Number of protein chains: 2
Amino acid sequence: MHKMNSKNKTFIDKLRSSGLRPTNQRVEISKFLFNRKKTFHFTVEELKNSMNLKRSKKISTATFYNTVHALKSAGYLKEFSLENNTSYYDTNIKSHHHFFDNGKVIDIKSDKITFHKLPDAPKGKKIKNVEVVIRLENNN
Amino acid sequence: MHKMNSKNKTFIDKLRSSGLRPTNQRVEISKFLFNRKKTFHFTVEELKNSMNLKRSKKISTATFYNTVHALKSAGYLKEFSLENNTSYYDTNIKSHHHFFDNGKVIDIKSDKITFHKLPDAPKGKKIKNVEVVIRLENNN
DNA sequence: ACATACTTTAGAATAATTATAAACTAGTTA
DNA sequence: TAACTAGTTTATAATTATTCTAAAGTATGT
Ligand SMILES: [Mn+2]
Ligand SMILES: [Mn+2]
Ligand SMILES: [Zn+2]
Ligand SMILES: [Zn+2]
């Protein structure tokens with residue numbers, strides 16, 4: 001049952017180092033999420049549907065939620081919000097910015113935006129991070 | 001039944017000019033939302049609970065949702081998202097920025113943040129607005 | 001191989017929101 | 001002012017995203 005090639009090794013280590021047993025489901029999900037060049041922004045439903053589409057034995061909804069939460073806790077995913085009441089996840093865990101274009105999300109590297117003026121944190125507080133959303137619309 | 005003083009006039013006009021009949025419920029909700037000095041950030045549940053607490057005849061959940069949506073469509077409220085799957089509304093309809101401090105939201109006037117560098121919009125697109133979230137944490 | 005803690009899963013439960021459709025009301029008109 | 005009608009409110013059902021539960025299955029250490 002356990003097919004294991006060297007490609008999976010990375011994902012297995014990633015999971016193990018987070019205290020997660022590398023079950024088949026978790027390895028498959030990790031491969032799907034992290035085995036790509038570009039950042040991936042997704043909802044759990046989207047992830048579930050696109051992965052299960054091509055599988056005979058479906059992974060359960062609960063496992064998708066569990067795994068995404070575990071990867072988020074382990075620091076491999078970041079959560080963010082659009083303005084519909086659904087959680088989105090981001091495979092780019094560095095602090096960065098976004099274009100929002102009608103539900104489509106595009107990364108902006110942190111160094112592409114710099115500030116001329118920023119307010120101080122209220123007393124007793126400090127700034128954890130600063131993230132920018134640039135909302136787009138069609139020309140004309 | 002219809003108590004109407006000059007204070008309500010403003011709200012009635014606001015509603016009328018948006019094509020909304022100024023029913024008692026809508027006037028009460030508008031007063032509650034807009035009759036204050038500071039920006040108000042809220043969820044529909046929060047609004048409903050705080051308003052209904054002090055009323056003998058409760059306003060229904062559906063009316064809170066309907067009215068908030070109507071006010072949003074009319075441009076009197078803006079919607080935004082924190083990272084739980086709930087919609088928040090903002091009585092400050094101008095483009096502006098926020099501090100997020102453990103679920104607490106604080107306005108930052110637009111002119112308190114200026115940019116040194118900003119990316120261009122992808123081709124075919126233009127920038128609709130730029131909004132910044134500054135996440136806070138406690139000192140030390 | 002055995003034990004055991006961890007994991008997966010179907011299904012129930014919950015929370016936020018939207019839809020439905022009957023009763024009610026504001027603004028208009030006769 | 002009575003009647004009319006379109007718009008509104010409401011209780012309740014339905015939907016969507018998510019979390020919980022507990023039983024069955026599996027990974028890892030011995
Ligand atoms: Mn929701
Ligand atoms: Mn939800
Ligand atoms: Zn991103
Ligand atoms: Zn605000």
Side-chain angles (χ1 to χ4, degrees), chain A residues 1-4 8-9 11-30 42-52 55-74 77 79-89 103, chain B residues 1-4 8-9 11-30 42-52 55-74 77 79-89 103:
Chain A
M1 220 87 318
H2 293 251
K3 185 171 13 162
M4 174 161 342
N8 292 3
K9 184 63 167 39
F11 302 107
I12 293 179
D13 290 345
K14 203 174 227 185
L15 291 167
R16 255 192 228 297
S17 71
S18 312
L20 301 172
R21 286 186 185 173
T23 60
N24 285 321
Q25 292 90 331
R26 284 174 180 166
V27 173
E28 298 267 351
I29 293 172
S30 296
F42 63 95
T43 68
V44 174
E45 280 298 306
E46 287 168 0
L47 174 65
K48 184 187 85 174
N49 292 334
S50 51
M51 284 195 66
N52 275 344
R55 314 182 100 244
S56 44
K57 179 160 193 339
K58 313 297 188 195
I59 298 174
S60 72
T61 303
T63 294
F64 282 105
Y65 276 99
N66 290 342
T67 302
V68 166
H69 290 161
L71 291 171
K72 188 201 163 191
S73 295
L77 289 175
E79 191 176 359
F80 67 100
S81 276
L82 253 44
E83 43 265 300
N84 49 10
N85 36 54
T86 310
S87 284
Y88 280 76
Y89 294 89
Chain B
M1 220 89 314
H2 293 250
K3 188 172 7 166
M4 171 161 346
N8 290 3
K9 186 63 167 37
F11 303 107
I12 292 179
D13 289 346
K14 203 174 226 184
L15 291 167
R16 254 190 229 298
S17 72
S18 310
L20 301 172
R21 286 187 185 171
T23 61
N24 284 321
Q25 291 90 331
R26 284 175 179 166
V27 173
E28 298 266 351
I29 293 171
S30 296
F42 64 94
T43 68
V44 174
E45 280 299 305
E46 288 166 358
L47 174 64
K48 184 187 84 171
N49 292 335
S50 49
M51 282 195 67
N52 275 343
R55 315 182 98 243
S56 43
K57 179 155 193 343
K58 314 296 187 194
I59 297 173
S60 73
T61 302
T63 293
F64 281 105
Y65 276 99
N66 290 342
T67 301
V68 166
H69 289 161
L71 290 171
K72 187 201 165 191
S73 295
L77 290 174
E79 191 176 359
F80 68 100
S81 275
L82 253 45
E83 43 266 298
N84 49 12
N85 36 54
T86 309
S87 284
Y88 280 76
Y89 295 88

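Values in this document were obtained by computation on a predicted structure and should not be read as measured data.
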Please find the pair of heavy atoms, one from [X] and one from [Y], that lie closest to each other, and give the distance.
X: L82(B); Y: G103(B); answer: CD2-O, 3.9 Å
X: K58(B); Y: N52(B); answer: NZ-O, 2.9 Å
X: P22(A); Y: L15(A); answer: CA-CD1, 3.9 Å
X: T43(A); Y: T86(A); answer: CG2-CG2, 3.8 Å

Those residues that, when tested against Y88(B), pass ring pair (Phe, Tyr, Trp, His ring centres under 6.0 Å) (two or more places apart) = F80(B)

query = Would you say Y65(A) reaches dT18(D)'s phosphate, i.e. side-chain N/O to OP1/OP2 under 4.0 Å?
reply = yes

Any R26(A) side-chain N or O less than 4.0 Å from OP1/OP2 of dT8(C) = yes

Can you check the [X] [atom1] to [N] [atom2] distance for me, whole Å?
X: L82(B); N: dA16(C); atom1: CG; atom2: P; answer: 14 Å
X: I12(B); N: dA26(C); atom1: CD1; atom2: P; answer: 11 Å
X: F64(A); N: dT16(D); atom1: CZ; atom2: C1'; answer: 18 Å
X: N52(B); N: dT10(D); atom1: CG; atom2: P; answer: 9 Å
X: E79(A); N: dT18(D); atom1: CD; atom2: P; answer: 8 Å
X: N85(B); N: dT19(D); atom1: CG; atom2: P; answer: 7 Å
X: L47(A); N: dA17(D); atom1: CG; atom2: P; answer: 14 Å
X: L20(B); N: dG27(C); atom1: CG; atom2: C1'; answer: 15 Å

What nucleotide among [options] has an atom nearest to a side-chain atom of [X]?
X: H69(B); options: dG27(C), dT28(D), dT18(C); result: dT18(C)
X: T23(A); options: dA6(D), dA27(D), dT18(D); result: dA27(D)
X: P22(A); options: dA16(C), dA27(D), dT7(C); result: dA27(D)
X: S87(A); options: dT9(D), dA16(C), dT18(D); result: dT18(D)

Between the protein and nucleotides 9-13 of chain C, which nitrogen or oxygen pairs are less than 3.5 angstrom apart?
residue	atom	partner	partner atom	Å
dT9(C)	OP1	Q25(A)	NE2	3.4
dT9(C)	OP2	S60(A)	N	3.1
dT9(C)	OP2	S60(A)	OG	3.3
dT9(C)	OP2	T63(A)	OG1	2.9

message = Using modelled atom types and a 3.5 Å cut-off, is there a donor and acceptor pairing between side-chain atoms of T67(A) and backbone atoms of R26(A)?
response = no

task = By nearest nucleotide on DNA chain C, pick out whichever of R21(B) and Y88(B) is the more 5' one.
result = Y88(B)

Salt bridge (Lys or Arg N to Asp or Glu O under 4.0 Å) partners of E45(A), counting only residues at least two apart = K48(A)

